[in-house]
Amino acid sequence: MKIPNIFNLGKLGVRTGILAITLGSVALTGCNDFLEQDVQGNNIDKNFYDTRYKLQASLNAAYDILQSDAIQDTDWRFGEALGDHVIGTDEGLSSHMGQLVHFRFNTSNSFIRNRWEIYYKAIHRVNQVIANIDRAQVSTNDYSAYREIREILGQAKFLRAYFYFNLARTFGGVPIRPEVETVDNLVIPRSSREETYAYIEKDLREAAIMLPNRYTSNNSGKASAGAATALLMKVLMYQATPGTMSDKWQEMVKLGDYFVKGSPLTLKEMLHYPENYGDMDWETLRKSLWFKPQELNAETDPYESPESQCPVLLNAYSLKYVDAYGNSLTYDQQFYLQGEFCQGSIFEIVFKESGDGTSGDVNEGGYIFDTLFSASSPIYSISDIITKLYGTDVRRNFTIGHHEYTPDMENTEIGSGHILSLKWYTPIKDRPVYGGDNGKNRRILRFADVVLMYAEALNECGNGGAALEQLNSNKRVVNEINNGTSLYIGGGYGYLRDQIWKEREIEFAFEWERFFDIVRQGRAKSVLQSFSQTRSNQRGVYFREGINEIFPIPQMEIDVSNGVVTQNPGY
């Protein structure tokens, strides 16, 4: 069933305020895989959020924007097209896309503006849930009633952190929009990079103690404690500097011990309580996160103290290629319909076929995969890139060239010399009735990412032996594809780090993360300038170190704010 596109707030950022005040608590509703009840029309009554069902409808609006063409479009452009694994069909300097990939854009580039606007639109939606959560009325002292509200709030905090994270790694410090928009807070100055990441961390730490380790069955697709912890590790990694010891690397090791090895972790350790909460006492914090108040607890109800353990993540996820029921998958199948919510998948964007073949933001189908895996794909790879990327690694076999056959024996019609990833492919049996539609989910967080982040942090903290063990745990699973035996070998810090980075490059190739990964590794300039030497148009040669790692704030935002929102250096 479709979620109607009735929550179009237009231009977000500074310009969101007026519309936010006008629309107030308007909520979008409809059906996703995990929606439990439809709410008809727009309800702007002050009591709209007074039940779990109404809150769930508003939360679904936040999940729904993840499925939008607008977010998918901006994610592949910034995460993949700017990197060194693909070539674009639009690289001329007369177009905004060509200017973007050449790093010769100005502050009015439409793709930069689009990314800013769609993510602030998403933030506005999720803020509606968080701002109104305390309107929920619980008529029973049943512990489960509090847990249900708490899980809605925890998912909302995860989504808000995810939205801000993509803004932060694109623009640096950004304005933190208030949960309740008023005429007094229409213009918000930028927070620093450190403040922005601290805000993201707090949301994720709280989500990690509020949610179950993973959702299954009809609830698959909801953000879990596993998703919050995995994203928290990534957020910490983006703040850390390779080669420089810091508490961020150490915290990643602690979270890796908890996630991968099952080491105990208390609620106060996850939250960094009390240091992150000023004078707030534990019971006040519990109530704010919708844990059942102590004074209402029955003798049989659990009481979550600071010393209580975080949800157990050990064995909730796996590196093995197996589906949600334990059946074996091939490497590529983990990205197809049969691999949705598989044991290696921690969080994925849930797409639902529109049922009528419509396209645009009203289409729930992730038809972006049909666009990418086609003769007219806007990005593609070539033989030289693939050879450099994979070498002899067996994962190279999951790319397809012109007139080669897919696993279901479809003869591809992509352009001569073009190579596409099977991660973008939709098998024939998975295709919907209508063209331009697609129900294939997009994987956002995988357990392999957790393991490799853990390996990198261990190496940064001087534990190369343990880092190598984690690195090879992923490689051993890869070896099962073709009964291979090759493993990574030990060495000094730099040698091991390069092997971890290479494994990341191969494992997550074509998943729209490459550009951001080389930026946070501090080697975007060297990688892109090396890439430029292989291209006749020298794409990447104009990358300016110290400037182009992040992008300019859209000029319209600065103009509308009358300079309150400041520009990034160099733009």
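With hydrogens and angles disregarded, a donor-acceptor distance shorter than 3.5 Å links the side chain of Ser224 to the backbone of Gly226.
Within the 4.5 Å cutoff, the side chain of Thr284 has heavy atoms near those of the Met280 side chain.
A salt bridge does not link Asp498 with Lys502: every distance from a Lys NZ or Arg NE/NH1/NH2 to an Asp or Glu carboxylate oxygen is 4.0 Å or more. A salt bridge between Lys234 and Asp449 is present, with a side-chain N of the basic residue lying under 4.0 Å from a carboxylate O of the acidic one. The existence of a salt bridge linking Arg504 and Asp517 is confirmed by a sub-4.0 Å separation between a basic side-chain nitrogen and an acidic carboxylate oxygen. Salt-bridge annotation for Arg476 and Glu469: absent, with no side-chain N of the basic residue lying under 4.0 Å from a carboxylate O of the acidic one. We find that Arg442 and Glu348 are not joined by a salt bridge, their nearest charged nitrogen and carboxylate oxygen being 4.0 Å or further apart. A salt bridge between Lys248 and Glu201 is present, with a side-chain N of the basic residue lying under 4.0 Å from a carboxylate O of the acidic one.
For the pair Lys268 and Tyr273, the cation-pi test (distance below 6.0 Å, angle within 45°) is failed.
Heavy-atom neighbours of Tyr325 OH from other residues, nucleotides or ligands within 6.0 Å: at or below the threshold of 12.
Ring geometry for Phe347 versus Tyr63: interplanar angle of 30 to 60°, hence tilted. Ring orientation note: the planes of Phe335 and Tyr331 are nearly perpendicular, at an angle over 60° on the 30°/60° scale.
Aromatic rings from Phe78 and Phe516 are positioned such that their centres are separated by 6.0 Å or more.
The CG atom of Asn479 sits 8.5 Å away from the CG atom of Asn472 when rounded to the nearest 0.5 Å.
At a cut-off of 3.5 Å, with distance as the only test, no side-chain donor of His124 or Glu179 sits close to an acceptor on the other residue. Between the side chains of Gln72 and Tyr367, no donor N or O sits under 3.5 Å from an acceptor N or O.
Closest approach of Lys440 to Trp424, counting heavy atoms only: NZ-C, 3.3 Å.
With Tyr425 as the partner, the ring pair (Phe, Tyr, Trp, His ring centres under 6.0 Å) test is satisfied by one option alone out of Phe510, Phe373, Phe398: Phe373.
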In sequence, state the C-alpha distance, the side-chain angles, and the governing distance for Glu507 and Arg446, and then conclude on salt bridge (Lys or Arg N to Asp or Glu O under 4.0 Å). CA-CA 10 Å; Glu507 180 62 38; Arg446 298 199 283 124; 2.9 Å; yes
